[in-house]
Engineer: 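The structure's right below; bear with me while I get my questions together.
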Amino acid sequence: MTQMSQALTQLEKPLYLPIKSYAKMGEKCRKLHDMLKISYKSVELYNVKFPKELYHYSRDIDVPIVVEDIIQMFELKWLNISIIQVWGRYISEVGVSLGVDNVGYLCPERLSSVETDTLGTSEYITDALVSLQGKKFILGPYFESEHWMLIVICPERNEVYFMDPKKRCQTRSIKLKMPLNVAFRCYCQKGGKHDFKKGSSLTWPKTLCPQQPGGDECAYYVLKLMYEIVLSHTMKDELTKCFKESSYSSEEINEIRDLWSEYFKDSCMK
């Protein structure tokens, strides 16, 4: 049997994915895929612990990460909130390892519940801003109308950088805008650090970011933006022109999937 035939025989073993999809994944994605395949009949989800400090919960919580949601990532399809939550935990740990202590994080699930709980979302943001006082950038992945975007709050400049991977009018209103503005005013009233010359109002300056070429890549772009901010832009004063509008390459997106897979395999499957 030739080496090519042997390789095809290996790939023809039962997989979650079509052979072509499997072949397009990075090495670390494949390792996670193969590990999940072994245990799938007995384990259909993994409970991942999140410390209360990360997303400003009242207590530590376990978030179920369903294997089917991970398979969606393998196939470059839609990403569920739990995948984004794990990425936030990973990025926060990367920041700690690099000595980055000026970035905070907001829970994507809490932000994205604004449509059903506007007041609760605003109160959550206020409390988070207070507990994150002194952080330069606060990253908030946000989901609305079947689309992922990234909100970055810079309290000391009274600014919000709205990064939308699917090009649209930057001045268009999103449902989170009003409760976020209210939350910032409450934060200022509680003595939160901000630009006193601008009062307690937020500004939303036009912010460039890479643009997705299709309809399903938005979550991967948000993960990549978060990664780049923590690794390369925490010393910048503001983020309006840190990024260009060109699309990420498939290699750059695969890097993000590999990083997520490696972290989940090593840190979340214990």
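Note that the structure is a prediction, hence the values are computed from the model and not measured.
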Engineer: Pairing donors with acceptors under 3.5 angstrom, does anything connect the side chains of Tyr221 and Glu252?
Structural biologist: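 Note: Tyr221 and Glu252 side chains miss the donor-acceptor criterion.
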Engineer: Do any N or O atoms from the side chain of Asp258 and from the backbone of Lys28 form a donor-acceptor pair under 3.5 angstrom?
Structural biologist: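 The answer is yes, because a donor-acceptor pair under 3.5 Å joins these two groups.
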Engineer: Is there side-chain contact between Leu259 and Trp87, with heavy atoms separated by less than 4.5 Å?
Structural biologist: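 Leu259 reaches Trp87 side chain to side chain.
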Engineer: Centres of the His233 and Phe137 rings: under 6.0 Å?
Structural biologist: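 Ring centroids of His233 and Phe137 are no less than 6.0 Å from each other.
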Engineer: Do you know which two heavy atoms are closest between Met226 and Gly88, and how far apart they sit?
Structural biologist: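 Shortest heavy-atom contact: CE-CA, 4.5 Å.
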Engineer: For side chain to side chain donor-acceptor pair (under 3.5 Å), just list the numbers for Tyr187 and Gln189, CA-CA rounded to whole Å, side-chain angles, deciding distance to a tenth of an Å, and then say yes or no.
Structural biologist: CA-CA 5 Å; Tyr187 159 76; Gln189 291 169 3; over 6 Å; no
Engineer: Examine distances only and state if a side-chain atom of Ser131 and a backbone atom of Ala128 form a donor-acceptor pair shorter than 3.5 Å.
Structural biologist: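 Judged by distance alone, yes, a pair lies under 3.5 Å.
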Engineer: Decide whether Gln212 and Tyr220 meet the rule of one side-chain donor and one side-chain acceptor closer than 3.5 Å.
Structural biologist: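 The answer is no; no qualifying pair exists.
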Engineer: Has Lys198 got more than 12 heavy atoms of other residues, nucleotides or ligands less than 6.0 Å from its NZ?
Structural biologist: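 Atom NZ in Lys198 is packed in, count exceeds 12.
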Engineer: For the residue pair Ile65 and Ile70, establish whether any side-chain heavy-atom pair is separated by less than 4.5 Å.
Structural biologist: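 When only atoms from C-beta onward are counted, Ile70 and Ile65 do touch, with a gap below 4.5 Å.
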Engineer: With rounding to the nearest 0.5 Å, note down the distance linking OH in Tyr124 to CG in Leu129.
Structural biologist: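 Output value for this atom pair is 9.5 Å.
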Engineer: Is Gln133 atom CD crowded by more than 12 heavy atoms from other residues, nucleotides or ligands, each under 6.0 Å away?
Structural biologist: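 Enclosed: over 12 neighbouring heavy atoms sit under 6.0 Å from CD of Gln133.
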Engineer: Is there a side chain to side chain contact (heavy atoms under 4.5 Å, CB included) between His56 and Leu132 once you walk through the steps?
Structural biologist: CA-CA 9 Å; His56 322 290; Leu132 290 170; 3.3 Å; yes
Engineer: Closest heavy-atom contact between Glu144 and Leu176?
Structural biologist: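 Looks like OE1-N, 4.2 Å.
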Engineer: To the nearest 0.5 Å, how far apart are OG in Ser145 and NZ in Lys175?
Structural biologist: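 Between atom OG of Ser145 and atom NZ of Lys175 there are 4.5 Å.
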Engineer: Are Ile253 and Leu76 close enough that some pair of their side-chain heavy atoms sits under 4.5 Å apart?
Structural biologist: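 SC-SC contact between Ile253 and Leu76 confirmed.
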Engineer: What heavy-atom pair brings Gly199 and Cys188 nearest, and what distance separates the two atoms?
Structural biologist: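 Where Gly199 meets Cys188 most closely, the heavy atoms are O-SG, 4.4 Å.
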Engineer: Taking the six-membered ring for Trp, are Tyr46 and Phe264 ring centroids under 6.0 Å apart?
Structural biologist: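 Yes, the ring of Tyr46 comes within the 6.0 Å limit of the ring of Phe264, centre to centre.
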Engineer: Apply side chain to side chain donor-acceptor pair (under 3.5 Å) to Glu228 and Tyr248, showing your working.
Structural biologist: CA-CA 12 Å; Glu228 290 189 332; Tyr248 288 128; 3.0 Å; yes
Engineer: Side chains of His194 and Asn158: does their closest heavy-atom pair fall under 4.5 Å?
Structural biologist: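 Of all side-chain heavy-atom pairs linking Asn158 with His194, at least one is under 4.5 Å.
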Engineer: Applying the 4.5 Å side-chain criterion to the ILVMFWY set and letting contacts propagate, would Leu98 and Leu223 be lumped into a single cluster?
Structural biologist: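 Leu98 clusters together with Leu223.
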Engineer: Could you tell me whether Lys224 and Glu255 make a salt bridge, using a distance below 4.0 angstrom between a side-chain N and a carboxylate O?
Structural biologist: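 Between Glu255 and Lys224 there is a salt bridge, with a charged N closer than 4.0 Å to a carboxylate O.
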Engineer: If you round to the nearest 0.5 Å, how far is CD1 of Ile153 from CG of Leu202?
Structural biologist: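 Answer for the CG-CD1 pair, Leu202 versus Ile153, is 7.5 Å.
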Engineer: Decide yes or no for Pro51 and Leu54: does some side-chain heavy atom of the first lie under 4.5 Å from some side-chain heavy atom of the second?
Structural biologist: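 Counting from C-beta outward, Pro51 and Leu54 do come under 4.5 Å.
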Engineer: Counting C-beta onward and ignoring hydrogens, is there a side-chain heavy-atom pair between Ser261 and Phe74 closer than 4.5 Å?
Structural biologist: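 Heavy-atom side-chain distance check passes, below 4.5 Å.
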Engineer: Checking the side chain of Lys136 only, and the main-chain atoms of Lys236 only, is there a donor and an acceptor separated by less than 3.5 Å?
Structural biologist: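 Indeed, once roles are kept as given, a pair shorter than 3.5 Å links the two residues.
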Engineer: Do the side chain of Trp204 and the main chain of Tyr161 share a donor and acceptor less than 3.5 angstrom apart?
Structural biologist: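 It does not hold such a pair.
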Engineer: For Tyr105 together with Tyr55, are the ring centres under 6.0 Å from each other?
Structural biologist: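 Ring-ring flag for Tyr55/Tyr105: false, centres at least 6.0 Å apart.
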Engineer: Treating Arg30 as the side-chain partner and Tyr22 as the backbone partner, does any N or O pair qualify as donor plus acceptor under 3.5 Å?
Structural biologist: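 It does hold such a pair.
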Engineer: In terms of hydrophobic clusters joined by side-chain contacts under 4.5 Å, are Ile151 and Met178 together?
Structural biologist: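 No, because Ile151 and Met178 fall into different hydrophobic clusters, even though each may have its own neighbours under 4.5 Å.
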Engineer: Side chain of Asp117, backbone of Gly120: donor and acceptor closer than 3.5 Å?
Structural biologist: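 Between the backbone of Gly120 and the side chain of Asp117 there is a qualifying donor-acceptor contact (under 3.5 Å).
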Engineer: Nearest 0.5 Å, please: how far is CD in Gln211 from NZ in Lys244?
Structural biologist: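 CD of Gln211 is found 14.5 Å from NZ of Lys244.
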Engineer: So which atom in Cys209 and which in Asp164 form the shortest heavy-atom distance, rounded to 0.1 Å?
Structural biologist: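 Minimum heavy-atom contact is SG-O, 3.3 Å.
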Engineer: Yes or no on side chain to side chain contact (heavy atoms under 4.5 Å, CB included) for Asp195 and Arg157, after CA distance, side-chain angles and deciding distance?
Structural biologist: CA-CA 5 Å; Asp195 187 340; Arg157 294 176 63 93; 5.7 Å; no
Engineer: Stepwise, does the ring-ring contact (aromatic ring centres under 6.0 Å, His included) test hold for Trp78 with Phe143?
Structural biologist: CA-CA 12 Å; Trp78 192 255; Phe143 177 77; 5.5 Å; yes
Engineer: Group every Ile, Leu, Val, Met, Phe, Trp and Tyr by side-chain heavy-atom contacts under 4.5 Å, then state whether Leu231 and Tyr263 land in the same group.
Structural biologist: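 Same hydrophobic cluster.
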Engineer: Let me see the working for Leu45 and Glu68 under side chain to side chain contact (heavy atoms under 4.5 Å, CB included), right down to the final yes or no.
Structural biologist: CA-CA 8 Å; Leu45 64 83; Glu68 291 294 337; over 6 Å; no
Engineer: Treating Glu217 as the side-chain partner and Gly214 as the backbone partner, does any N or O pair qualify as donor plus acceptor under 3.5 Å?
Structural biologist: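 Yes: the side chain of Glu217 pairs with the backbone of Gly214.
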Engineer: Restricting to non-hydrogen atoms, name the atom on Asp237 and the atom on Cys154 that form the minimum distance, rounded to 0.1 Å.
Structural biologist: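 Looking at all heavy atoms of both residues, the closest pair is O-SG, 4.3 Å.
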Engineer: Taking all non-hydrogen atoms of both residues into account, name the closest pair between Gly140 and Leu111 and its distance.
Structural biologist: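 Shortest heavy-atom separation between Gly140 and Leu111 comes out as CA-CD1, 3.6 Å.
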Engineer: Any chance you could measure Arg110, atom CZ, to Gln85, atom CD, to the nearest 0.5 Å?
Structural biologist: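 Separation between the atoms: 11.0 Å.
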Engineer: Does CD in Glu115 sit with more than 12 non-hydrogen atoms of other residues, nucleotides or ligands closer than 6.0 Å?
Structural biologist: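 No, because the 6.0 Å sphere around CD of Glu115 holds 12 heavy atoms or fewer from other groups.
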Engineer: Are Asn80 and Val66 close enough that some pair of their side-chain heavy atoms sits under 4.5 Å apart?
Structural biologist: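 Heavy-atom side-chain distance check fails, nothing below 4.5 Å.
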Engineer: Taking C-beta and beyond as the side chain, do Phe50 and Asp60 meet within less than 4.5 Å on heavy atoms?
Structural biologist: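 No, every pair of side-chain atoms sits at 4.5 Å or beyond.
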Engineer: Closer than 3.5 angstrom, by distance alone: can the side chain of Glu238 be matched with the main-chain N or O of Thr240 as a donor-acceptor pair?
Structural biologist: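 Yes, Glu238 side chain to Thr240 backbone: donor-acceptor pair under 3.5 Å.
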Engineer: Could you grab the distance from atom CD of Gln72 to atom CG of Leu79, nearest 0.5 Å is fine?
Structural biologist: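 That separation rounds to 8.0 Å.
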Engineer: Quick check on the hydrophobic clustering: are Val182 and Val160 connected, directly or via other members, by side-chain heavy-atom contacts under 4.5 Å?
Structural biologist: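 Each belongs to a different hydrophobic cluster.
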Engineer: May I ask whether Ile174 and Ile138 are part of the same hydrophobic cluster, defined by side-chain heavy atoms of I, L, V, M, F, W, Y residues being less than 4.5 angstrom apart, directly or through others?
Structural biologist: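 Shared cluster, yes.
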Engineer: Starting from the C-alpha separation in whole Å, work towards a yes-or-no answer on side chain to side chain contact (heavy atoms under 4.5 Å, CB included) for Met269 and Leu32.
Structural biologist: CA-CA 10 Å; Met269 293 180 67; Leu32 175 60; 3.5 Å; yes
Engineer: Closer than 3.5 angstrom, by distance alone: can the side chain of Arg257 be matched with the main-chain N or O of Gly26 as a donor-acceptor pair?
Structural biologist: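 Side chain of Arg257 to backbone of Gly26: no pair is present.
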Engineer: Quick check with a 6.0 Å cut-off and a 45 degree axis cone: is Lys52 positioned over the face of Tyr57's six-membered ring?
Structural biologist: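 No, Lys52 does not lie over the aromatic ring of Tyr57.
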Engineer: Between Lys49 and Asp62, does any NZ, NE, NH1 or NH2 come within less than 4.0 Å of an OD or OE carboxylate oxygen?
Structural biologist: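 Lys49 and Asp62: salt-bridged.
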Engineer: Any donor and acceptor pair, going by atom type alone, linking the side chain of Ser113 with main-chain N or O of Thr121 inside 3.5 Å?
Structural biologist: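 A pair under 3.5 Å: no.
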